[in-house]
Amino acid sequence: VVSTQSTGSHNNQEVMMNNKRILFVCSFLALLHLIECASERSDDDYTYAELHIDIDASWLLSSSYLVFFLQAGFGMLEAGMVRAKNTKNVLLKNLINSAICGLVFWALGFGLAFGSSGNENPFIGWGNFFLINYNRYGYWSLQWTNVAAAITILTGPMAERTRFPAYSICAAFVTAIVYPPVAHWIWSDNGWLNALGMIDSTGSSSVHILGGAAGLIGSIMLGPRLGRFDQQGRPRDMPAHNATVSSLGAFILWYAWYGYTTGSTLGVTQRRWVVSARSAMVTTLGATSSLMTVLIVRRFLTYKYDLVPCINGLLAGLVSITAPCAVIEPWAAVIIGIVAGIAYTLGSSILLTLKIDDPLDASAVHLGCGIWGMIATGLFGEQNNISTAYPSRELEDYGFFYHRKGWLLGYQLVGVVVIFCWSAGLCGLLFYILKRLHILRVDPDTELAGIDNSDHGGSAYWFLPGSV
């Protein structure tokens, strides 16, 4: 029996060895065939230029997926920051706003931002509505995720007291009217801010200043939440109801931000990967230095290590690094992050002093640090980095600390002022109309009971009696 088993085992091993030899020979012959085909290709076959196009397209699509993942981060962040009775409201708001944004941007917004009809002008695009005669779908996807982020930022300061239809109207309005001209000014070859020489690598102005300014005006028009300030005007605490969910949102945002900053190169060929790698590195340094600054400042002011301000400190660093990420050096990213943490802390205090109720501190984070990011570009933009990131642009001006003339800083300030006025003015007009029509703010009874109970079928949570 032992002899029979040994013989069978030997035969099986021999068969396996023969199969491996056959597989090796077939693989070798296939490789020779590929080499022969490659050597006989004509110039009309697949070229290195086509390979570069495919690689860049893959990079662009992957970046757009990551930027869209910001929506998950914003959703978790907001859901944890608001009170439990409004959780469904903010989550559904983010979900529906993204959907409305996608449809309106496909039909109208993208054509007004980047559409081409042969009659280009520096103010607005025109053409390719419904993406007719346009097939750069990867770029459309990236721009859609940008405007979706701007809308989510905008609605954050208005949380817990805004009627749901007002959110939807605002999303459609910003996608169709507010965002497209700004995107055209900055990123279109014909845009006037682009021609002027302003630099915004990823969207500190078009996304964060636009969303933060509009959200600030919306918060002012709405007024504070009931009970936010006492009769003497002193703020009362309305703490985040779920710090765990907010922390998860912060980590998601941090992760997705790498697609946001590195994807602005629109590819990695022709040494654009150098710009992407630098953007990823300074994103890390800006975020971490801002986070640590807020941690230390809050410990000094309150004698506590407070989680929620640290989350916003992280976001402040990410926002501030968005504009200059492609053109600064590592040491500058650390300085930018430190100043961003201080700017956020001061901005949050100023809002409370002025009795402006922003449940998420989104105005301080996105508007304040978005402005700082644009200014920092004008201060720290390094000449060689600018030349590498923008090889087709003849920029003779760079950061003030490298080039004392300060023209780039001036261009950045022009962009900040114009985009702030544009977004705040148009959205302020919209909010005024909605307020006059009595469709901006929920009634006091609904606000006190919670919007989830009145508009969304009940609480997001279910607890056994006596379990909480």
Side-chain angles (χ1 to χ4, degrees), residues 59-78 80-81 94 98 141-153 156 200-212 246-266 268 273 275-294 310-328 330 332-334 336-338 340-341 343-344 360-362 364-370 372-374 376-377 389:
W59 176 261
L60 183 60
L61 287 171
S62 299
S63 299
S64 67
Y65 304 151
L66 267 179
V67 178
F68 182 64
F69 197 44
L70 288 171
Q71 296 299 321
F74 282 128
M76 293 297 96
L77 180 74
E78 292 185 29
M81 290 286 192
N94 285 5
S98 296
S141 298
L142 186 65
Q143 285 295 331
W144 165 61
T145 59
N146 281 340
V147 66
I151 293 170
T152 303
I153 292 166
D200 186 354
S201 300
T202 304
S204 275
S205 58
S206 62
V207 175
H208 299 284
I209 293 178
L210 186 152
S246 292
S247 298
L248 173 62
F251 275 112
I252 292 174
L253 288 169
W254 194 353
Y255 171 72
W257 219 277
Y258 289 106
Y260 191 35
T261 53
T262 64
S264 62
T265 60
L266 307 182
V268 290
W273 65 267
V275 181
S276 293
R278 183 190 305 115
S279 297
M281 182 265 299
V282 298
T283 297
T284 300
L285 295 178
T288 51
S289 57
S290 178
L291 170 59
M292 294 305 299
T293 299
V294 172
C310 287
I311 290 175
N312 282 327
L314 168 67
L315 297 180
L318 292 170
V319 170
S320 66
I321 215 69
T322 300
C325 62
V327 298
I328 60 173
V334 175
I336 291 170
I338 292 172
Y344 154 68
L360 308 175
D361 266 346
V365 170
H366 297 280
L367 176 58
C369 295
W372 163 236
M374 290 291 288
T377 306

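Excluded from the calculations below are hydrogen atoms, water molecules and symmetry mates; all remaining heavy atoms, backbone and side chain alike, are included.
Listed here is the closest heavy atom pair of Ile328 and Arg278: O-CD, 3.3 Å. A pairwise comparison of heavy atoms in Asp200 and Ser206 identifies OD2-N, 3.8 Å as the closest pair. Closest approach of Thr322 to Ser201, counting heavy atoms only: O-CB, 3.8 Å. In plain terms, the two heavy atoms of Ile153 and Gly212 that are nearest each other are CG2-N, 3.8 Å. Ala340 and Ala316 get closest at one heavy-atom pair: CB-O, 3.7 Å. Of all non-hydrogen atoms in Ala256 and Leu66, the two that sit nearest each other are CB-O, 3.1 Å.
We find the CZ-CE distance between Phe74 and Met81 to be 11.5 Å, quoted to the nearest 0.5 Å. For the atom pair CD1 of Ile336 and CH2 of Trp372, the computed distance is 6.0 Å after rounding to the nearest 0.5 Å. Here Leu318 contributes atom CG and Leu291 contributes atom CG; the two are 9.5 Å apart, rounded to the nearest 0.5 Å. If you take CG on Leu142 and OG on Ser62, they are separated by 11.5 Å, rounding to the nearest 0.5 Å. Distance check: Ser205 OG to Leu210 CG gives 8.5 Å after rounding to the nearest 0.5 Å. Rounding to the nearest 0.5 Å gives a distance of 9.5 Å between CD of Glu78 and OG of Ser246.
With hydrogens and angles left out, the side-chain atoms of Ser279 and Thr262 include no donor and acceptor closer than 3.5 Å. Side-chain atoms of Tyr258 and Thr284 form a donor-acceptor pair, as typed in the model, at a separation below 3.5 Å.
Aromatic pair Trp257/His208: ring centres closer than 6.0 Å.
At least one donor-acceptor pair under 3.5 Å links the side chain of Ser204 to the backbone N or O of Val319. Counting only distance, with no hydrogens or angles, the side chain of Trp59 and the backbone of Leu266 share no donor-acceptor pair below 3.5 Å. A donor-acceptor pair is defined here as one N or O able to donate and one able to accept, closer than 3.5 Å; no such pair exists between the side chain of Asp361 and the backbone of Ala364.
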Derivation and outcome, side chain to side chain contact (heavy atoms under 4.5 Å, CB included), residues Asn312 and Val294: CA-CA 9 Å; Asn312 282 327; Val294 172; over 6 Å; no
Criterion side-chain hydrogen bond (donor to acceptor under 3.5 Å, both in side chains) on Ser276 and Thr265, from CA distance to verdict: CA-CA 7 Å; Ser276 293; Thr265 60; 2.9 Å; yes
Side chain to side chain contact (heavy atoms under 4.5 Å, CB included) assessment of Thr145 paired with Tyr260: CA-CA 9 Å; Thr145 59; Tyr260 191 35; over 6 Å; no
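A search for side chain to side chain donor-acceptor pair (under 3.5 Å) contacts involving Ser290 returns nothing, not counting sequence neighbours. Applying the side chain to side chain donor-acceptor pair (under 3.5 Å) rule to Thr152 yields the partners Gln71; only residues at least two apart in sequence or on another chain are considered. Looking at residues two or more places apart in sequence or on another chain, you find no side chain to side chain donor-acceptor pair (under 3.5 Å) involving Thr288.
Leu77 has its side chain out of reach of Leu360: every pair of non-hydrogen atoms, C-beta onward, lies at least 4.5 Å apart. Between Ile321 and Leu285 the shortest side-chain heavy-atom distance does not fall below 4.5 Å.
Within 6.0 Å of CE in Met292 there are 12 or fewer heavy atoms belonging to other residues, nucleotides or ligands.
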